[in-house]
Amino acid sequence: MATTSKARQREVFESMYSVIALLFILVACVEVLDAATVVDVYRLIQYDLAGVPFGSRLASLNHHAGSSLFSPGTDLSRTVLVLPVRELNITFIREFIGQRQPLGGLLLLLPRIFSSENRGSMGGADQNSGKELMRNILMELERLLIHANIPYPVYFAFEDDNIDSVLADVKKNDATGQPATATTGGYKLVVSAPEPKKLISPTMINIQGWLPGLKADGDSNQLPTIAIVASYDTFGAAPALSVGSDSNGSGVVALLEIARLFSILYSNPKTTGRYNLLFGLTSGGPYNYNGTHKWLQSFDQRLRESIDYAICLNSIGSWENELWIHVSKPPENAYIKQIFEGFSNVAEELGLKVGLKHKKINISNPRVAWEHEQFSRLRVTAATLSELSVAPELLESTGGLFESRHFVSEAAIIRSVKLVAESLARHIYSHHGKNIKIFADDSSLAINPSYITSWIDLLSRTPRVAPFLSKNDPFIMALKEELADFTVDVNLQHESLDGIFTFYDTTSARLNVYQVASVTFDLLLLLVLGSYLIILFSFLVITTRGLDDLISLFRRPPSRKAKTA
């Protein structure tokens with residue numbers, strides 16, 4: 001009988017274990033079904049400049065979502081603010097960040113037009129006006145974020161139907177004036193990301209190619225060289241979104257098209273000029289053109305002395321009628337006069353305007369505002385062609401959030417290519433002051449708009465922040481192969497970025513949005529489930545073993561003394 005009783009108790013306990021297991025399964029299922037949506041997010045850059053920390057210093061998120069800053073004194077240390085950029089008050093955000101208010105995290109929603117996947121046009125005066133307004137807001141926001149030290153995670157995402165629906169629900173909850181918490185429920189935003197780590201020895205990769213000129217018979221002297229240069233890398237608040245369609249995607253595209261045009265001329269000995277053409281795609285542009293400096297340092301003295309002049313192309317994809325030639329030498333300098341007059345004559349024939357900007361170099365100042373200044377520091381005549389009349393500040397306007405495809409015009413790039421190519425050709429073939437169109441639209445040397453469009457499209461969806469590009473990055477290889485189609489002796493130069501800059505990884509992640517119930521709901525659910533399980537357990541025991549066995553489970557066992565008696 002004792003054995004039978006023990007067997008019955010074992011069966012009862014096994015039934016209880018099964019019910020408990022069922023409870024855990026039900027809870028797990030509830031957690032899985034709570035997921036609302038998954039969103040691609042892009043982290044604010046984290047870097048150190050001369051040991052001073054900037055950008056976002058954390059990456060992981062696990063807090064409830066909010067849509068407003070609420071009243072002063074509200075604890076937001078466990079709240080992620082979700083703010084559409086189109087509704088952003090820059091002044092208020094600047095004050096909030098400047099006061100270093102506690103915050104669980106910040107999620108900034110970018111308009112869809114700034115996504116590389118958005119190919120729709122933005123026609124109409126009203127739409128263009130709104131687009132320019134958004135561009136200015138993003139410019140101010142980026143300037144604020146990259147120069148601030150922010151102790152919480154900051155992410156960017158693009159507006160879409162899913163995230164808009166979540167935001168609408170969050171706003172309804174926040175209308176009560178109380179932030180979402182574990183007590184009130186709402187949405188929880190989760191990003192599972194490891195602690196950001198320093199990038200070890202980030203590299204810069206310069207790419208160069210040659211079009212050798214033709215020497216006259218019996219001429220043993222080295223031919224003069226003209227260098228056409230463009231920096232291809234970018235910098236911005238979100239490295240994974242820094243495509244720099246204009247800065248400096250437009251310069252890269254123009255350089256490739258110029259190389260293609262002159263490769264046709266130089267493929268025929270009868271039209272090969274008596275100048276070597278050196279094409280350089282340089283890295284480190286946002287960092288005082290550090291890659292350009294190291295590229296020039298690799299030249300021997302004889303090569304540097306052979307450079308007649310260098311033309312650097314920077315931001316030439318969104319101008320209307322006027323470009324600027326920036327120089328370091330005085331405008332009275334004979335070489336500068338020659339360059340400016342050559343460009344001015346061609347510009348006048350094309351119905352365009354070219355202005356001249358002179359800025360002296362301060363050798364004691366490490367700041368390098370324009371790429372041509374790295375040439376000038378080595379006493380090489382150079383100029384930068386740009387739509388910008390004033391040089392941007394360090395790490396600003398170098399391909400950030402507002403540099404999307406929508407703000408670049410193929411027509412502007414075509415005008416730039418025509419201006420540079422005609423000016424160079426007249427210099428090379430000594431056609432100064434002559435109204436000769438070498439690259440006429442109806443000739444075999446016409447500019448190819450399809451080629452320009454395809455490359456600006458590629459650059460507009462390719463982030464190019466140098467420290468995050470590997471040595472064998474597909475984009476680097478694509479640039480090398482493209483330049484090799486038009487030039488010879490193409491090679492890559494790998495250089496380390498100067499130690500003044502330190503970068504950290506984790507540039508993008510996946511954001512999981514969970515809809516969570518309030519504690520009240522959880523307690524009610526627990527009460528209902530508990531009651532159900534107790535009733536189910538009692539029913540199973542009574543029907544299988546009888547009421548006495550159920551009562552015996554809760555009856556206090558007799559003491560050892562009672563048993564002895």
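Please read these numbers as outputs of a predicted model, since none were measured by experiment.
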Looking at Glu322, I'd like to know if its CD atom is crowded, meaning that more than 12 non-hydrogen atoms belonging to other residues, nucleotides or ligands lie closer than 6.0 Å.
yes
Criterion salt bridge (Lys or Arg N to Asp or Glu O under 4.0 Å) on Arg405 and Glu410, from CA distance to verdict
CA-CA 10 Å; Arg405 176 68 175 86; Glu410 289 93 333; 2.4 Å; yes
Worked verdict on Glu403 versus Ser247 for side-chain hydrogen bond (donor to acceptor under 3.5 Å, both in side chains):
CA-CA 7 Å; Glu403 293 272 4; Ser247 304; 3.0 Å; yes
Quick one: do the [X] and [Y] side chains pair a donor with an acceptor below 3.5 Å?
| X | Y | value |
| --- | --- | --- |
| Glu495 | Thr203 | no |
| Ser242 | Thr234 | no |
| Ser231 | Glu371 | no |
| Ser60 | Asn62 | no |
| Ser416 | Trp319 | yes |
| Ser470 | Asn472 | no |

Fit a plane to each ring of [X] and [Y], take the angle between them on a 0 to 90° scale, and name the class: parallel (under 30°), tilted (30 to 60°) or perpendicular (over 60°).
| X | Y | result |
| --- | --- | --- |
| Phe54 | Tyr47 | parallel |
| Tyr451 | Trp455 | tilted |
| His326 | Trp370 | parallel |

Centroid separation under 6.0 Å, is that true for the rings of [Y] and [X]?
| X | Y | answer |
| --- | --- | --- |
| Tyr42 | Phe156 | no |
| Phe407 | Phe114 | yes |
| Tyr287 | Phe503 | yes |

Indicate yes or no: does [X] engage [Y] in a salt bridge with an N to O separation below 4.0 Å.
| X | Y | result |
| --- | --- | --- |
| Lys171 | Glu87 | yes |
| Arg112 | Asp161 | yes |
| Arg135 | Glu140 | no |
| Arg143 | Glu393 | no |

When rounded to the nearest 0.5 angstrom, what distance separates CD in Gln374 from OG1 in Thr384?
10.5 Å
Report the distance from atom CD1 of Ile452 to atom CG of Asp457, rounding to the nearest 0.5 Å.
12.0 Å
For a side chain to side chain contact (heavy atoms under 4.5 Å, CB included) check, start with the C-alpha distance between Trp295 and Ser283, then their side-chain angles and the critical distance, and finish with the verdict.
CA-CA 9 Å; Trp295 179 52; Ser283 183; over 6 Å; no
Show the numbers, then the answer: is there a side-chain hydrogen bond (donor to acceptor under 3.5 Å, both in side chains) between Asn314 and Asn248?
CA-CA 6 Å; Asn314 181 290; Asn248 189 29; 4.7 Å; no
Sort and list the pairs that fulfil salt bridge (Lys or Arg N to Asp or Glu O under 4.0 Å) and have at least one residue in residues 234-260, not counting sequence neighbours.
Glu257-Arg260
Determine, stepwise, if the pair Asp48 / Tyr504 fulfils side-chain hydrogen bond (donor to acceptor under 3.5 Å, both in side chains).
CA-CA 9 Å; Asp48 299 339; Tyr504 296 77; 2.7 Å; yes
Candidate list Leu167, Leu83, Leu88, test side-chain contact (heavy atoms from CB on, under 4.5 Å), partner Leu109, passing option
Leu167
